[in-house]
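The sequence lines fix the lettering, A, B, ..., with proteins before strands; numbering per chain opens at 1.
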2 protein chains.
Amino acid sequence: MRIGELARRTGISERALRYYEEQQLLRPERRRSGYREYAEGDVRTVRNIRTLLAAGLSTYTIAEVLPCMTDDGDALVPACPELTTVLSQDRDRLTTAIDDLLAARDILDAIIAAGRSETAQPASDPALTAAPAG
Amino acid sequence: MRIGELARRTGISERALRYYEEQQLLRPERRRSGYREYAEGDVRTVRNIRTLLAAGLSTYTIAEVLPCMTDDGDALVPACPELTTVLSQDRDRLTTAIDDLLAARDILDAIIAAGRSETAQPASDPALTAAPAG
DNA sequence: GTAGACATTCACGTTGACGTGAGAGTCCAC
DNA sequence: GTGGACTCTCACGTCAACGTGAATGTCTAC
């Protein structure tokens, strides 16, 4: 099938599909005209790419792990044992990002809480404003 | 003080300090030579900016909320009540981002688990590894 | 009066997964 | 044979907080 049909069947833009090829996640055949010719299995491959993107992997990592994965129809299964190492590193990256955001939210919560207690109580020392005179 | 001293005293690069001015978070005076002249209070202002950046706020939002905050020496306190609304919206944004990353990690965990059960068991059980749709 | 530290304003580079035209060629039904 | 849908390859734009020169001007200690 050509790129338009694959785009319709997967819900992914043609631009994104060309980008996936550029990142070597897809390798469609070419007609003499230069048109891309996709195989039936590419529909599922695109879905798997989306799953891995949703899992927070970069296209670079996906290109690395995708050839070594099988798709039993229900779940994506890493076929090579060393893949688990790569995936675990990305899991750690995700955890770090999550922790950073949790810490950021804690800071924000403290500021919001300070504002609430401020409106409940009269101000203690409302001078010392280093804020720009907007 | 000039920009170099402020940079040393805050640990923030001169480039960043100029960027903060561009984003209207700082408004130093100017000497006749064009050199920026910072006030003592700007040291604390810069620290507050860093706190708000660490809280996940954009420079645009910080420019919005900074003039309406007081600094009691220990904590940053929103002085205007409507600020809490803005900050709560950013808190929601953070929560959404956190949830997205948690969902991503769940997907990754399912894939990793599928790999482990694949190497542990000779026969796969696809229904067992079915991830919740979403 | 001069070396050299310090400052200034541009302005492009970084990161990633695409969006969005521009200009041109290809395919197919009528 | 033609018109319109389809596809192609560039190639810049997006978002954000800066990094990193380049070319140039200012301040200050000696």
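If you run side chain to side chain contact (heavy atoms under 4.5 Å, CB included) between Y35(B) and each of R31(B), E37(B), R32(B), only R31(B) comes through. The only option from L94(A), T95(A), L87(A) that meets the side chain to side chain contact (heavy atoms under 4.5 Å, CB included) definition with R91(A) turns out to be T95(A).
Separating the CG atom in L6(A) from the CG atom in L17(A) is a distance of 5.0 Å, to the nearest 0.5 Å. Expressed to the nearest 0.5 Å, how far CG of L57(B) lies from CG of L52(B) amounts to 5.5 Å. Note that CD1 of I3(A) and CD of E5(A) are 12.0 Å apart. Values are rounded to the nearest 0.5 Å. Atom CE of M69(B) and atom OG1 of T51(B) lie 9.5 Å apart (nearest 0.5 Å). Atoms OH and CZ, on Y20(B) and R15(B) in that order, are 11.0 Å from each other to the nearest 0.5 Å. A distance of 12.0 Å separates CG in D42(B) from CZ in R36(B), rounded to the nearest 0.5 Å.
Whole-Å rounding puts the I62(B) CD1 to dA16(D) P distance at 12 Å. Rounding to whole angstrom units, CZ of residue R2(A) and C1' of dA5(D) are separated by 9 Å. Rounded to whole angstrom, the span from the OH atom of Y19(A) across to the C1' atom of dT14(D) amounts to 13 Å. Atom C1' of nucleotide dC15(D) and atom CG of L57(B) are separated by 17 Å, given to the nearest angstrom. Between Y60(B) atom OH and dC18(D) atom P there is a gap of 18 Å when expressed in whole angstrom units.
A 4.0 Å heavy-atom criterion places the boundary nucleotides of DNA chain C facing chain A at dA17(C) to dC27(C), written 5' to 3'.
Both L17(A) and E5(B) lie close to DNA chain C; mapped to their nearest nucleotides by heavy-atom distance, the more 5′-ward contact belongs to E5(B). With the nearest nucleotide of DNA chain C identified for both Q23(A) and I3(B), I3(B) has the one nearer the 5' end.
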Nucleotide N/O of nucleotides 20-24 of chain D paired with protein N/O under 3.5 Å:
| unit_1 | atom_1 | unit_2 | atom_2 | d |
| --- | --- | --- | --- | --- |
| dT20(D) | O4 | R15(B) | NE | 3.0 |

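Considering every non-hydrogen atom in both A104(B) and G56(A), the closest pair reads CB-N, 4.2 Å.
Here Y20(B) reaches the OP1 or OP2 of dC18(D): one of its side-chain N or O atoms lies under 4.0 Å away.
Put simply, the side chain of T59(A) reaches to within 4.5 Å of the side chain of L53(A), judged on heavy atoms.
Salt bridge annotation for E14(B)-R18(B): present, with a cationic side-chain nitrogen under 4.0 angstrom from a carboxylate oxygen.
A heavy-atom distance below 4.0 Å to DNA chain C is reached by these residues of residues 29-48 of chain A, ordered by number: S33(A), Y35(A).
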